[in-house]
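Reviewing the structure listed below.
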Protein chains: 2
Amino acid sequence: MVSEPKYIIIKNEIKQLILNGEYEVSSKIPSEAELKDKFNVSRHTIRQSIAELVNEGYLKKEQGSGTYVSNQYRLEQKDTSQKTIGVITTYLSDYIFPSIIRGIEDVLSKKGYALLLSSTQNNVENEKRSLEMMLEKRVDGLIIEPTKSANLNPNLNYYLGIQERGIPYVSINASYEELEAPEIRMDDRLASEKLTSHLLDLGHTRICMVTKTDDLQGKERMKGFVRAYSKINKAFDGNLMITFDTESIENLTKKIDRVLQLDNSPTAFVCYNDQIAVKVIERIQAIGKKIPQDISIVSHDNSFLSTATDVKLTSINHPKDQLGRDAANWIIQAIEKNSFKQDSIIYEPKLITRSSTSKNTEID
Amino acid sequence: MVSEPKYIIIKNEIKQLILNGEYEVSSKIPSEAELKDKFNVSRHTIRQSIAELVNEGYLKKEQGSGTYVSNQYRLEQKDTSQKTIGVITTYLSDYIFPSIIRGIEDVLSKKGYALLLSSTQNNVENEKRSLEMMLEKRVDGLIIEPTKSANLNPNLNYYLGIQERGIPYVSINASYEELEAPEIRMDDRLASEKLTSHLLDLGHTRICMVTKTDDLQGKERMKGFVRAYSKINKAFDGNLMITFDTESIENLTKKIDRVLQLDNSPTAFVCYNDQIAVKVIERIQAIGKKIPQDISIVSHDNSFLSTATDVKLTSINHPKDQLGRDAANWIIQAIEKNSFKQDSIIYEPKLITRSSTSKNTEID
DNA sequence: CTCCATAAGTTGTACGTACGTATATAGTAC
DNA sequence: GTACTATATACGTACGTACAACTTATGGAG
């Protein structure tokens with residue numbers, strides 16, 4: 001029998017030392033130079049031995065520091081090559097989401113990351129499935145737009161599992177209050193406050209708010225509305241608060257119509273977003289009233305819908321594409337610098353004035 | 001940023017050659033000596049590169065014989081239940097793409113497949129990166145919207161490599177003529193013929209076609225235009241053919257203006273798609289002409305843009321969401337039934353008549 | 001035609017040298 | 001005591017040489 005090559009003999013000898021505890025877990029083993037002298041071989045041979053042990057998970061090397069006994073037996077072979085980022089949003093094709101996803105994809109692909117995509121249709125069951133899929137695919141980071149962010153989320157344990165595994169993640173547009181996750185979003189409360197104040201400044205007093213109640217954005221936007229009133233020490237009419245959620249959106253038209261037929265119907269609307277605004281515009285025009293002469297209307301997000309119809313909406317900006325880019329860069333930073341506790345990014349809202357608002361002409 | 005070490009560069013270069021099929025599965029790659037000369041480095045460096053690829057499972061070495069491309073592409077992940085479908089499109093956020101992607105995602109997630117997404121911006125270099133990424137991530141199927149489908153594609157060898165590995169794939173919207181890949185798309189030629197015939201029926205004779213030349217859809221739509229004329233044995237004016245491509249789209253406005261200022265300016269336009277139609281509408285209105293009284297205009301795709309402006313466009317339907325669903329179901333079928341040679345799906349175009357067309361009022 | 005020794009080619013082992021880059025530490029200045 | 005700097009030390013990259021071990025192709029003997 002031919003004797004085994006030196007580097008195999010040395011490898012086995014070192015392995016023995018590790019296994020019988022001579023080289024303790026997490027401790028530094030002798031340097032390559034020392035081992036070279038000890039075994040009377042070239043450094044190259046030592047490196048060969050150590051390379052195999054590193055590959056098998058017994059050792060870990062740190063440039064400039066030394067070689068250490070690994071504390072985990074081949075825990076997992078970290079796929080060094082291409083990393084994957086998971087992205088979960090409520091919707092994909094609607095509204096501002098394509099721009100957000102595009103921003104994310106653009107940054108990720110330029111940095112050599114793959115993008116695993118999933119949507120929830122704002123349904124927590126789907127969110128669960130998405131999270132399971134992402135975990136199974138072993139994503140290296142997650143960008144999540146929360147589903148039903150205003151409600152208690154039944155998938156919280158999944159998020160905790162993600163944290164436990166050390167997978168960095170960031171919320172966009174909203175976040176779950178129960179988790180202290182970093183978030184990248186618009187300051188929705190201040191945004192709504194600005195919109196409402198704008199209308200109040202124009203002399204409107206009976207302002208109707210139309211907002212969503214099952215996501216945090218809707219709640220925040222409602223809070224902003226309330227705050228604008230309280231800042232000038234006035235109260236708003238509770239009858240002029242229209243709320244809806246993902247499931248009850250079909251009834252929204254009726255609710256709007258009812259408010260428009262009130263004796264003291266509103267002279268202005270603050271809408272949850274441009275999509276809702278378009279709906280409201282349609283109902284206003286259906287009863288023959290004119291915007292902005294009869295009724296003023298404002299909304300959030302400044303999407304393509306803001307200027308798509310004949311009514312050019314006064315709205316609040318939304319970073320969209322930039323938000324996606326920021327989220328992607330955030331998650332890449334978290335992965336590469338291993339820093340999970342990065343800051344949130346909250347965008348400052350800016351009012352974009354168009355022709356959907358005018359002074360209140362009614363006599364008080 | 002410091003440049004990467006030689007052995008990493010060489011490693012990646014060899015990996016590419018494997019992924020794009022230049023080094024075929026199970027075939028022998030050049031010897032260390034040959035690679036050494038090819039890359040002009042020492043044999044040691046080559047051995048470093050190859051060692052990593054062997055470790056990652058791309059290569060196998062046999063002493064005395066050579067180094068071979070490993071064929072274990074999908075061996076280890078066979079057990080994992082969750083499969084991944086790669087989707088490569090030219091764009092993500094623009095136009096009809098969000099709907100297509102949504103359709104794909106909806107079907108895939110319901111069937112328990114994961115979706116790996118990438119876009120090319122209609123740039124073949126990006127397409128190459130995307131394909132490499134998909135192969136590295138070991139997707140189980142591919143849905144591809146070809147990039148620059150009218151031109152000879154430099155990434156054909158990647159596609160051949162995909163076929164070799166037995167990964168099913170399907171083209172959407174267009175296809176590469178060099179490959180005999182199944183495709184899911186609109187019958188663009190017939191669509192354009194219908195649009196043009198519609199205008200001819202209305203008495204228009206000087207019709208301007210505005211089309212794209214670097215994708216197959218554009219070429220097909222041009223052919224349909226030509227065929228409509230030839231069916232009634234008439235010739236069209238070559239001066240009224242406006243072409244553009246991804247890179248020259250900035251000059252399009254000028255080209256349109258020039259045609260509009262011709263002595264015998266057109267009385268109707270056939271547009272590549274709604275996006276282009278909106279541009280043409282803007283230029284027509286800029287010179288004070290009215291649609292459809294002065295000039296008629298038709299376009300493809302029936303997107304939200306068809307009805308977004310005050311001009312409601314006569315257009316050709318596009319399945320969008322359904323196309324995405326069909327593509328997803330197609331690829332799932334191919335995987336589960338292991339049948340790669342499924343039929344293509346070609347949608348029949350339907351004319352959707354709105355108010356952007358009227359009879360030619362000019363005297364012949 | 002078959003068998004087998006040989007040559008040629010390929011990867012494996014092992015040595016050496018030199019310099020680059022990252023980390024830890026001891027010493028210095030403040 | 002703190003902050004910075006210089007130095008030593010560790011691993012990383014890259015060049016080179018030589019020969020061993022193994023496989024495959026070749027060509028001649030039978």
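Chain naming here is simple, since letters A, B, ... match the order of the sequence lines and numbering starts at 1 in each. Computation of the quantities below employed the complete heavy-atom set of this structure, encompassing side-chain atoms and omitting hydrogens, waters and symmetry-equivalent molecules.
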Interatomic distance, [X] [atom1] vs [N] [atom2] [rounded to whole Å]:
| X | N | atom1 | atom2 | value |
| --- | --- | --- | --- | --- |
| A/Tyr68 | D/dA10 | OH | P | 10 Å |
| A/Lys28 | D/dA10 | NZ | C1' | 7 Å |
| B/Lys60 | D/dC22 | NZ | C1' | 18 Å |
| B/Ile46 | C/dT11 | CD1 | P | 11 Å |
| A/Leu35 | D/dT9 | CG | P | 16 Å |
| A/Leu53 | D/dC11 | CG | C1' | 16 Å |

Between [X] and [Y] (side chain of the first, backbone of the second, donor and acceptor by atom type, cut-off under 3.5 Å), is there such a pair?
| X | Y | answer |
| --- | --- | --- |
| A/Asp140 | A/Thr84 | yes |
| B/Ser27 | B/Tyr23 | no |
| B/Asn122 | B/Lys148 | yes |

Regarding C/dT21, can its base be found pairing with the side chain of A/Gln63 as donor and acceptor, where the two atoms are less than 3.5 Å apart?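 Side chain to base: pair found, below 3.5 Å.
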Requested in this report: Would you indicate, yes or no, if D/dA10 has its OP1 or OP2 atom less than 4.0 angstrom from a side-chain nitrogen or oxygen of A/Lys61?
Outcome: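 For D/dA10, neither OP1 nor OP2 has a side-chain N or O of A/Lys61 closer than 4.0 Å.
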Should B/Thr67 be listed as having a side-chain N or O under 4.0 Å from OP1 or OP2 of C/dT11?
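Checking C/dT11 against B/Thr67, a side-chain N or O does come within under 4.0 Å of OP1 or OP2.
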Check: Parallel, tilted or perpendicular: which describes the rings of B/Tyr159 and B/Tyr169, with under 30° parallel and over 60° perpendicular?
Finding: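 It falls in the tilted class, 30° to 60°.
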Check: Who are the salt bridge (charged side-chain N to carboxylate O under 4.0 Å, His left out) partners of B/Arg47, not counting sequence neighbours?
Finding: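 For B/Arg47, the residues satisfying salt bridge (charged side-chain N to carboxylate O under 4.0 Å, His left out) (neighbours in sequence not counted) are B/Glu32.
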Tabulate below the donor-acceptor pairs under 3.5 Å that side-chain atoms of residues 87-94 of chain B make, not counting sequence neighbours, or state none.
unit_1: B/Thr89; atom_1: OG1; unit_2: B/Tyr91; atom_2: O; d: 2.8
unit_1: B/Thr90; atom_1: OG1; unit_2: B/Glu145; atom_2: OE1; d: 2.6

The contact string for nucleotides 13-19 of chain C, one letter per nucleotide 5' to 3', using protein heavy atoms under 4.0 Å with B, S and - for base, sugar-phosphate only and none, comes out as BBBS-B-
